[in-house]
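Below is one structure, written out as structure tokens; comments come after it.
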Amino acid sequence: VRLLRNTCIFCSIVISAQGWTPKQPEEGELTTNCSSMSLRRVPEDLTPTTTTLDLSYNLLFQIQSSDFRSVSNLKILILCHNRIQQLDIKAFEFNKELRYLDLSHNRLKIVTCYSLPGLRHLDLSFNDFDTVPICEETGNMSHLEILGLSGAKIQKSDFQKIAHLYLNTVILGLRTLSYYEEGSLPILNTTKLHMVLPKNINFWVLLCDGIKTSKILEMTNIDDKSQFASNETQRNLRLKNAKTSILLLNEVDLLWDDLLIIFQLVWHTSVEYFQLQNVAFGGNVYLDHNSFDYSNTVMRAIKLEHVHFRIFYIPQDRVYLLFTKMDIENLTISDAQMPHMIFPNYPMRFQYLNFANNVLTDALFKKPIHLPHLKTLILKGNQLETFFLVSHFASNTSLQHLDLSQNLLQHENNENCSWPETLITMNLSSNKFPDSVFRCLPRSIQILDLNNNKIQTVPKAITHLKSLRELNVAFNFLTDLPGCSHFRSLSILNIEMNLILSPSREFFQSCREVKILNAGRNPFRCTCELRDFIQLQKNSEGMLAGWSDSYICEYPLNLKGTQLKDVHLPELSCNTALLIVIIVVMLSLGMTVAFCCLHFDLLWYIRMLSQWTQTWNRVRKTAQERLKRNVQFHAFISYSEHDSPWVKNELIPNLEKEDGSVLICLHERNFDPGKSVTENIINCIEKSYTSILVLSPNFVQSEWCHYELYFAHHNLVHENYIILILLEHIPLYCIPNRYHKLKALMEEKTCLKWPKDRRKHGLFWANLRAAINISLSETRDMCELQTFAELNEESRGSTDSLIKTDCL
Ligand SMILES: *[C@@H]1O[C@H](CO)[C@@H](O)[C@H](O)[C@H]1NC(C)=O
Ligand SMILES: *[C@@H]1O[C@H](CO)[C@@H](O)[C@H](O)[C@H]1NC(C)=O
Ligand SMILES: *[C@@H]1O[C@H](CO)[C@@H](O)[C@H](O)[C@H]1NC(C)=O
Ligand SMILES: *[C@@H]1O[C@H](CO)[C@@H](O)[C@H](O)[C@H]1NC(C)=O
Ligand SMILES: *[C@@H]1O[C@H](CO)[C@@H](O)[C@H](O)[C@H]1NC(C)=O
Ligand SMILES: *[C@@H]1O[C@H](CO)[C@@H](O)[C@H](O)[C@H]1NC(C)=O
Ligand SMILES: *[C@@H]1O[C@H](CO)[C@@H](O)[C@H](O)[C@H]1NC(C)=O
Ligand SMILES: *[C@@H]1O[C@H](CO)[C@@H](O)[C@H](O)[C@H]1NC(C)=O
């Protein structure tokens, strides 16, 4: 028991929330899957709520009556591919819900019957029953739809018990068949009958009875080669009461003559659709093909798939003509290694021809073929080479769908094509078409597949394909998206896996109808040119198929592997118009600045302004220090006689403008004649806030000697209060070497240069006033100064010449 428990731990248990029964979607379904676990017994600890139990591909050999008692909700039980030898169906008496029971591929010999009225699917096929396991109870399963049976002996009496049941499908999975009572199968009432025959069994009677039984008949393993070919009596057999309209034969291996007889039999029955899959035939041919009776048939479609020709001694033409002379609606002969195909030289009624995956060549179209009703032609997977030959053939048909994919087709520019106006879809994928294929296309085309060819560009001069809706040019060598000037109605374009670096604007302008564009897996160059393209995805959600996984940058190298959606291309660096505007604005701004600099001497203004601010800062710092000093004047002005007109006409009027607010000490006005010039100067400097020296070559020559002495001997505390006005430029050679102090001052301090331009004078004065710091607020000081000024009014008259005497 422990062992068993252990094994079932590995059973996978799946709970599906929505359940698989449409009627009870709210109820959870539980699947316990113990498939392929080498189980010898049904596990004991099954989850009681299990609804689906898969025990297939195990080693079960016995079913106990108690095995499934615990799983009372069981609906589906799969026990196929085990070794069960006998079974009492009563074991499922407590599984009232059971609807699906698969016991196929076991070794059942005996089944004890019990009525399970709810059962819909019961499969007992591929077992070792001696007789078909049908009992009275089976007849009571009125819901049965699919019934699988097997048995070595098949007799009417067995089927009689279920004759009243209306079945959907009966599967007759036979391992052996030792006896078949003719007329047994037609007793069944089923829509579909599928017989899987053992090897080398006489299928003829089964085939005939099958055709009388169900609408759809499928037979697998038709391979008896010792049949009836020589039995004259069977040749012109006509079946009565035929019911089958769809006949499917799988795994057919016969002599050609036998196949021919089957065709002849089926031809005169109710069969409309006849399909043979995995066919092999060969052998000598004795029958006369010309004796095939094509009259009197309801046959509409024949399909031969996966045909293998054994060594074969008949002229191929006869085989081809056997089929083409059938002249039915649809004919398919695919995967048949067929090198050629011949049609009778009169008009045929074929509407659908499918010769896919053969080895047909251009020779197919060498002779005229008359197929005026042909609507669909599938020649996929052949060896065709010349495209215009196909077009010439097609021009005499009413072809709508043409599949020429997987051939070797090419097209030369000078070859003229002629297509019927009916052609709607064309599959030209996986060929060798170059660009010139666009010169050989029907105007009416709506869906065109040119996937996997050698197209590099869509030529400009081609006929307008006004109806083209879908174009697939994936896996080619296109370097750009084609514009839609020639395809006005294009709505789906697939251009995956080409060589597109950056799609051009023409596409976005001309292809307004396109709803789906698949341009993935191209080597995109993620530069500004790609912006429109990335924008496309943002503007029309869902237009780009495969977004975003298939859209990856290839260039530049630093972006290689990045998805396009993650690439950031800023507006400014990409929008040339905007860039130009900005450059123009910047340029004009620069030019304006340059113009101002040149015309209004802007630099000078800036320099003056900065001086002015510096001065203000300095003034603020030293204001308090100044207040401590015993001052009487705002400024002492020293100048050379030569410059006196400027001082008198410009400087003084401008400083004294605000009537008496600035008190000025002039050496010709305020000098004490009793004292030496130097003494007077020192006196003046000491009594003034600031000393203004009006520098000019004359001043340096005649006046500076007094100051040099003063500044050399005094600790230069007052240097801060010196203002140098450079009235004229002083060349260096004009300053004598001994005037060290002057040189130092001129280097250290910024001189206020007197501008020649009248417009600049305003700022000059403002600067000067700031330097003097005339904003003395303390009225007390002001009053003192005022009195002092009145006192000194009398002592006017001291002259510059007086001072000059001491010099040099
Ligand atoms: C159980 O698992 C096997 C593969 O292990 C799978 O083929 C089978 O379909 C599963 N059965 C059910 C009922 O899901
Ligand atoms: C079959 O069902 C009928 C009535 O539905 C019943 O009379 C008969 O006994 C059943 N037969 C068996 C074998 O269960
Ligand atoms: C078979 O069943 C159908 C209903 O599905 C019925 O119409 C038909 O008459 C039955 N045929 C025979 C032969 O019992
Ligand atoms: C020929 O067919 C008839 C009728 O189906 C059958 O009775 C006879 O045995 C067959 N002959 C041979 C040689 O198979
Ligand atoms: C013939 O082929 C066409 C196109 O595939 C299909 O629509 C039609 O149903 C086929 N006819 C028969 C009888 O199989
Ligand atoms: C088209 O058919 C007509 C007669 O049916 C025939 O004369 C003509 O040669 C055919 N054209 C081609 C290209 O096969
Ligand atoms: C064209 O044929 C190829 C295979 O040959 C197929 O994969 C493709 O889907 C077809 N195209 C169309 C539009 O049907
Ligand atoms: C194709 O047609 C043009 C004129 O329509 C003609 O000059 C040319 O010779 C034709 N080419 C072939 C190969 O028939």
Side-chain angles (χ1 to χ4, degrees), residues 8 10-16 19-20 29-39 50-58 71 74-81 99-102 121 216 244-248 270-275 297-305 326-332 334-335 349-358 373-382 384 398-409 423-431 433 445-453 468-475 492-494 496 516 518:
C8 216
F10 300 109
C11 294
S12 70
I13 292 172
V14 180
I15 302 164
S16 58
W20 63 274
E29 300 285 333
L30 183 72
T31 299
T32 304
N33 195 342
C34 305
S35 179
S36 308
M37 292 192 167
S38 306
L39 299 178
T50 299
T51 52
T52 299
L53 176 58
D54 190 346
L55 288 162
S56 60
Y57 295 94
N58 281 298
V71 282
L74 202 61
K75 288 177 181 162
I76 298 175
L77 177 58
I78 303 166
L79 287 163
C80 64
H81 293 277
R99 286 188 267 129
Y100 184 108
L101 178 57
D102 185 357
H121 182 120
I216 303 168
T244 301
S245 63
I246 296 174
L247 175 60
L248 314 163
S270 55
V271 174
E272 294 178 13
Y273 178 84
F274 184 20
Q275 172 185 304
T297 187
V298 293
M299 187 70 79
R300 294 170 64 200
I302 286 178
K303 179 173 186 179
L304 279 99
E305 230 174 20
M326 285 176 178
D327 199 12
I328 47 180
E329 266 177 48
N330 296 3
L331 174 63
T332 300
S334 65
D335 292 284
R349 282 175 305 189
F350 287 113
Q351 291 178 19
Y352 173 98
L353 287 176
N354 180 350
F355 300 134
N357 304 320
N358 284 291
H373 304 288
L374 193 63
K375 290 198 174 67
T376 305
L377 177 62
I378 298 171
L379 292 170
K380 167 186 159 186
N382 280 284
L384 301 173
S398 45
L399 211 53
Q400 291 174 359
H401 311 286
L402 178 59
D403 186 349
L404 294 168
S405 58
Q406 300 173 16
N407 276 279
L408 309 167
L409 286 164
L423 208 47
I424 299 169
T425 66
M426 253 185 160
N427 194 339
L428 304 177
S429 64
S430 305
N431 276 287
F433 285 117
I445 194 82
Q446 290 177 14
I447 298 172
L448 178 59
D449 192 341
L450 276 165
N451 177 24
N452 190 13
N453 277 287
L468 191 63
R469 283 186 285 114
E470 264 186 69
L471 176 61
N472 184 344
V473 279
F475 293 89
I492 299 176
L493 175 62
N494 185 347
E496 231 189 328
I516 297 172
N518 185 348

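No hydrogens, no waters, no symmetry mates; every other heavy atom, side chains included, goes into these values. Start at 1 and go down the list; that is how both ligands and their atoms are numbered.
- By the 3.5 Å distance cut-off applied to N or O atoms, S405 is counted among the residues near ligand 7.
- With values rounded to the nearest 0.5 angstrom, D54 atom CG is found 9.0 Å from T31 atom OG1.
- Residue-ligand proximity, S429 to ligand 7, at heavy-atom distances under 4.0 Å covers atoms 1 (C), 2 (O), 3 (C).
- At the shortest separation from atom 13 (C) of ligand 1 among protein heavy atoms lies D54 OD2, 3.7 Å.
- The 12-atom threshold is exceeded at OH of Y273, counting heavy atoms of other residues, nucleotides or ligands nearer than 6.0 Å.
- Nearest to atom 2 (O) of ligand 7 among the protein's heavy atoms is N427 ND2, 2.3 Å.
- With ligand atoms numbered from 1 in the order given, ligand 5 contributes 12 (C), 13 (C), 14 (O) to contacts under 4.0 Å with heavy atoms of A301.
- A donor-acceptor pair shorter than 3.5 Å can be found between the side chains of S429 and N427.
- At under 3.5 Å, a nitrogen or oxygen of Q406, whether backbone or side chain, sits near a nitrogen or oxygen of ligand 7.
- Rounded to the nearest 0.5 Å, atoms CD (Q406) and NZ (K380) are 5.5 Å apart.
- When hydrogens are left out, the protein atom nearest atom 14 (O) of ligand 1 is N33 ND2, 3.7 Å; that is the closest non-hydrogen contact.
- Counting heavy atoms from C-beta outward, C34 and L39 have side chains that approach closer than 4.5 Å.
- Protein heavy atom at the shortest distance from atom 10 (C) of ligand 5 is N330 ND2, 2.3 Å.
- With a 4.0 Å heavy-atom cut-off, ligand 7 is reached by no atom of E470.
- Contact annotation: the side chain of L493 approaches that of V473 to within less than 4.5 Å [non-hydrogen atoms, C-beta and beyond].
- No hydrogens or angles considered: nothing links the side chains of S56 and H81 as a donor-acceptor pair under 3.5 Å.
- Separating the CD atom in Q275 from the OG1 atom in T332 is a distance of 9.0 Å, to the nearest 0.5 Å.
- The nearest protein heavy atom to atom 5 (O) of ligand 1 is not closer than 4.0 Å.
- Counting the atoms of ligand 7 from 1 in the order shown, those under 4.0 Å from a heavy atom of D449 are 1 (C), 8 (C), 10 (C), 11 (N), 12 (C), 13 (C).
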